[in-house]
Amino acid sequence: MLKGKTAVVTGSTSGIGLGIAKSLAAQGANIVLNGFGDAEGPKAEVAALGVQVAYHGADMSKPSEIEAMIAYAEKTFGSVDILVNNAGIQYVARIENFPVERWDAVIAINLSSAFHATRVALPGMLARNWGRIINVASVHGLVGSAEKSAYVAAKHGIVGLTKVTALENATSGVTCNAICPGWVLTPLVQKQVDAKAQALGISDEEAKKHLLGEKEPSMQFTSPEELGALAVFFCSPAGNNIRGVAWNMDGGWTAQ
Ligand code: NAD
């Protein structure tokens with residue numbers, strides 16, 4: 001379905017980003033991976049799906065590196081048709097104890113990076129009159145949780161950015177939507193499981209149940225593959241007129 005299209009997925013050396021990249025690749029899209037850490041393993045996983053894959057190591061907190069990444073993708077594959085703004089970090093502390101430098105980093109990586117990647121990828125999409133911008137927000141784009149001020153602010157911000165991007169391009173073939181996962185068991189969440197296990201003196205399994213029990217009625221983690229399937233749906237012809245939604249996949253978290 002996506003043969004001949006190119007997708008840039010930010011923060012795709014791990015977790016949800018890698019899951020979405022693989023789902024898009026399974027539909028035939030060429031992939032530009034991004035993120036820190038080992039890139040060779042993720043590149044091989046995507047290449048095994050029979051598509052072309054490239055990697056750019058842009059730091060999503062740096063606008064000039066984001067511009068360079070989009071230019072690299074356009075030069076390598078000829079276009080950026082699908083942009084998945086996924087890179088993100090978490091930091092947990094009460095507001096009065098929240099390090100200013102961590103606030104700035106969370107806002108830069110989880111919110112401003114999506115603005116920068118979108119502003120440089122849009123002209124090409126509009127020129128071809130086809131594009132899909134998918135912002136990986138969170139349930140925290142819809143509701144709050146204590147001790148996550150920067151994350152919740154950034155995620156509410158990216159839901160707003162999603163709506164404006166959708167509206168500004170509503171008469172074109174470029175759509176923009178957000179995905180709002182609940183708990184997904186990635187390294188980002190495993191750190192929170194570890195912190196809970198340590199704080200309460202409980203096992204890893206008990207800490208996972210505790211985390212799910214606080215918020216997620218299904219008592220199940222959403223998987224990167226399930227989120228990838230939603231991204232593929234947004235890219236399908238059925239997604240042509242889905243514009244500006246914030247679609248939660250959260251085991252009932254925000255239904256409460
Ligand atoms: P993860 O830690 O597994 O992956 C994060 C990715 O972002 C990695 O590839 C990492 O290298 C990259 N990254 C981090 N800082 C970067 C930077 N400055 N520049 C470039 N890349 C950078 O986390 P994840 O759980 O897969 O999270 C991915 C996205 O999903 C985030 O936006 C997160 O907020 C969101 N999300 C996660 C969950 C969850 O439960 N895991 C729930 C809702 C939303």
Side-chain angles (χ1 to χ4, degrees), residues 8-23 31-43 45-46 55-70 84-92 101-102 104-114 116-117 134-145 148 150-159 161-162 178-194 196 208 211-212 214-216 218 220-228 230-231 246-251 253-254:
V8 173
V9 186
T10 71
S12 49
T13 48
S14 167
I16 294 170
L18 181 56
I20 292 178
K22 286 166 69 178
S23 298
I31 302 291
V32 178
L33 295 171
N34 157 262
F36 296 151
D38 170 49
E40 290 312 311
K43 267 174 87 175
E45 285 185 50
V46 173
Y55 166 80
H56 193 282
D59 179 340
M60 287 297 117
S61 65
K62 304 213 163 85
S64 62
E65 294 189 20
I66 297 169
E67 289 169 11
M69 176 188 69
I70 298 295
V84 183
N85 290 309
N86 166 79
I89 57 169
Q90 177 61 285
Y91 193 86
V92 181
E101 157 281 316
R102 284 290 90 197
D104 288 343
V106 171
I107 298 296
I109 296 164
N110 295 23
L111 175 58
S112 302
S113 70
H116 294 298
I134 299 170
N135 293 327
V136 179
S138 165
V139 285
H140 286 115
L142 305 169
V143 296
S145 286
K148 294 186 175 173
Y151 190 85
V152 170
K155 295 300 187 182
H156 275 67
I158 203 168
V159 168
L161 176 67
T162 301
I179 296 178
C180 299
W183 291 122
V184 187
L185 193 55
T186 64
L188 182 142
V189 163
Q190 187 61 47
K191 277 189 213 148
Q192 295 172 66
V193 173
D194 294 345
K196 195 160 281 286
K208 283 176 185 153
L211 211 72
L212 288 166
E214 281 175 353
K215 302 276 188 182
E216 194 146 328
S218 67
Q220 285 174 41
F221 291 100
T222 300
S223 70
E225 291 74 23
E226 288 162 346
L227 296 164
L230 180 54
W247 190 314
N248 42 306
M249 203 184 249
D250 64 359
W253 183 323
T254 53

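Atoms within a ligand are numbered from 1 in the order they appear, just like the ligands themselves. The figures that follow rest on heavy atoms only: side chains count, while hydrogens, waters and symmetry mates do not.
Considering backbone and side-chain N/O atoms, T13 comes within less than 3.5 Å of an N/O atom of ligand 1. Considering both main-chain and side-chain atoms, F36 comes within under 3.5 Å of ligand 1 through a nitrogen or oxygen pair.
Using a 4.0 Å cut-off to heavy atoms of P187, the atoms of ligand 1 that qualify are 3 (O). Within ligand 1, counting atoms from 1 as listed, the ones closer than 4.0 Å to a heavy atom of G15 are 3 (O), 26 (O). Less than 4.0 angstrom separates some heavy atom of N34 from each of these atoms of ligand 1: 20 (C), 21 (N). Interface of M60 with ligand 1, defined as ligand atoms under 4.0 Å from a residue heavy atom, comprises 17 (C), 18 (N), 19 (N), 20 (C). Each of the atoms 40 (O) of ligand 1 lies under 4.0 Å from some heavy atom of W183. Residue G88 approaches ligand 1 through these ligand atoms, each under 4.0 Å from one of its heavy atoms: 5 (C), 7 (O), 31 (C), 32 (O).
Closest to atom 6 (C) of ligand 1 among all protein heavy atoms lies G11 O, 3.4 Å. When only non-hydrogen protein atoms are considered, atom 23 (O) of ligand 1 lies nearest to L188 CB, 3.4 Å. For atom 42 (C) of ligand 1, the nearest non-hydrogen atom of the protein is G182 O, 3.0 Å. The protein heavy atom nearest to atom 24 (P) of ligand 1 is T186 OG1, 3.5 Å. Looking only at protein heavy atoms, the nearest one to atom 28 (C) of ligand 1 is N86 OD1, 3.3 Å. The protein atom (non-hydrogen) at minimum distance from atom 21 (N) of ligand 1 is G35 CA, 3.6 Å. In terms of protein heavy-atom proximity, atom 43 (C) of ligand 1 is nearest to P181 O, 3.3 Å. Of all protein heavy atoms, the one lying nearest to atom 40 (O) of ligand 1 is V184 N, 2.7 Å.
Using a 4.0 angstrom heavy-atom cutoff, S113 does not count as in contact with ligand 1. Under a 4.0 Å heavy-atom criterion, A58 is in contact with ligand 1. At a 4.0 Å cut-off, not a single heavy atom of K62 sits close enough to ligand 1 to count as contact. At a 4.0 Å cut-off, at least one heavy atom of S12 sits close enough to ligand 1 to count as contact.
Nearest heavy-atom pair, P224 versus I16, reported as atom, atom and distance to 0.1 Å: CB-CA, 4.1 Å.
Selection from I109, L227, I16 by nearest heavy atom to atom 38 (C) of ligand 1 gives I16. When the heavy-atom distances from atom 18 (N) of ligand 1 to D59, V106, I89, D38 are ranked, the shortest goes to D59. Selection from S61, S14, C180 by nearest heavy atom to atom 3 (O) of ligand 1 gives S14.
Contacts between K155 and ligand 1, counted as non-hydrogen atom pairs separated by less than 4.0 Å, involve the side chain only. Contacts of Y151 with ligand 1, taken as heavy-atom pairs under 4.0 Å, involve the side chain alone. Under 4.0 Å from ligand 1, the heavy atoms of V189 that appear belong solely to its side chain.
The side-chain heavy atoms of N110 and I89, taken from C-beta on, include a pair separated by under 4.5 Å.
Under a 3.5 Å cut-off, the side chain of W183 and the backbone N or O of L211 do form a donor-acceptor pair.
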